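To start, the structure under review is shown below, and the notes come after it.
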Amino acid sequence: MRAETNPTVDLIIPVYNEQGVVSTFHAQLCQAVDALPYAFTILYVDDGSSDGTPAELAALAQADGRVRVVTLSRNFGHQAALSAGLDRADSDFTITLDGDGQHPPTLIPQMLSLAQAGYEVVLTQRLESDELSWFKRATSALFYRLLNRVGSTNILPGGADFRLLSRAAVQALRSLPEYHRFLRGMVAWIGFRTVILPFAQPARLAGHSKYSLRKMTRLAMDAVFSFSLVPLYMGISLGVLFLLGALAEAVYVLSFWITGNTANLAPGWSSLMFMLLVVGGTLMITLGVVGIYIGYIFQEVKHRPVYVVRAEAPAPAPPSR
Ligand code: UDP
Ligand code: MG
């Protein structure tokens, strides 16, 4: 009889300046997965950390044979770091999770049993929780409401970058070459049999969020402008609206001429000025939206890699012949 081999699982964990968190996280992770009948590879992606994280990761790799470390040459951002991990995934199942303890590893057994039951994508959804600051909750709610209004793919509100993907789903994701990556949208786009697992998000193990307001804004921009053309259409609708307004005004003015009441026509400097400003402003905004899309196209056509790797431990296997 053929020996039963365990299915393989890649765990992908992007970390950026998580010194003092990774060792606690790793212990939590081991506790959750050690007893499971799967062969795990634990891949930490160091997203250009400038603190003691690289040393801590090296120590983990020394102590635990399942640990691999990919080091990016600078801080490329969470989505790029996740992509670096996904590009190296080579297992039956791949799970991505944050390295700060906010994606509880205790959920992994459940995700794997859902995968065994035939689901190819297991998404997780943050439950409303008091652990989240009101600012994060408000911006997140607004973000998903806006996104699902303008986007064509339906993206799960409160969705986290904590998910399981089958081998085929990982391959599908890898075939999307875009530079501006919003993985939550990309995963929604690829389809596959999907199930949603809600979870209560605990507080960070330590340290503070690495998602600055700037990084959050950039992610939101990527989500809107690489997943939707609606802002462009909005510009057109607005233009049509103003054109109709102008037409109505012309008819109104004409009515004075027809009835010979031109004396009643007010000199109208203020209304003219008002219209000029409104139309000018609308034009500028629309032009700005078009400009943003051109900028995105510009960055896409450069075909730059999403991230650059400085080192990989252990070194990747030579391509098999
Ligand atoms: N992270 C990263 N690169 C970045 C920012 C964050 O790899 O530029 C990692 C971070 O170390 C953590 C995960 O992505 O493991 C989620 O980030 P964080 O917890 O700071 O975000 P939040 O949970 O506050 O949204
Ligand atoms: Mg976090």
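The chain is numbered in sequence order, starting from 1. Note that this is a predicted model, so its numbers are computed, not measured. In each ligand, atom 1 is the first atom listed, and ligand 1 is the first ligand listed.
Among the backbone and side-chain atoms of Gln102, an N/O/S atom is found under 2.8 Å from the Mg ion (ligand 2). Look at Asp98 and the Mg ion (ligand 2): no N/O/S atom of the residue is under 2.8 Å from the metal.
In this comparison of Asp98, Thr53, Asp100, the heavy atom closest to atom 19 (O) of ligand 1 sits on Asp100.
Residue contacts with ligand 1: Lys215 is included, with a non-hydrogen atom under 4.0 Å away. Contact between His208 and ligand 1 is absent, with no heavy atom of the residue lying under 4.0 Å from the ligand.
When only interatomic distances are considered, the shortest N/O to N/O separation between Tyr16 and ligand 1 falls below 3.5 Å. For ligand 1, the polar-atom distance check against Gly99 finds a nitrogen or oxygen pair separated by under 3.5 Å.
Residue Lys210 approaches ligand 1 through these ligand atoms, each under 4.0 Å from one of its heavy atoms: 5 (C), 6 (C), 18 (P), 20 (O). Close contacts of ligand 1 with Arg204, meaning ligand atoms under 4.0 Å from a residue heavy atom, involve 18 (P), 19 (O), 20 (O). Shown in contact with Val15 at under 4.0 Å from a heavy atom are these atoms of ligand 1, numbered in order with element: 7 (O), 11 (O).
The backbone N or O of Asp46 sits nowhere less than 3.5 Å from a side-chain atom of Thr71 that would complete a donor-acceptor pair. A donor-acceptor distance shorter than 3.5 angstrom exists from the side chain of Asp92 to the backbone of Thr8, with no hydrogens or angles considered.
By the criterion of a heavy-atom distance under 4.0 Å, the side chain of Asn75, and not its backbone, is placed next to ligand 1.
The protein non-hydrogen atom at the shortest distance from atom 12 (C) of ligand 1 is Glu18 OE2, 3.5 Å. Nearest non-hydrogen protein atom to atom 24 (O) of ligand 1 is Ser209 OG, 2.5 Å.
Separating the OG atom in Ser175 from the CD1 atom in Ile190 is a distance of 8.0 Å, to the nearest 0.5 Å.
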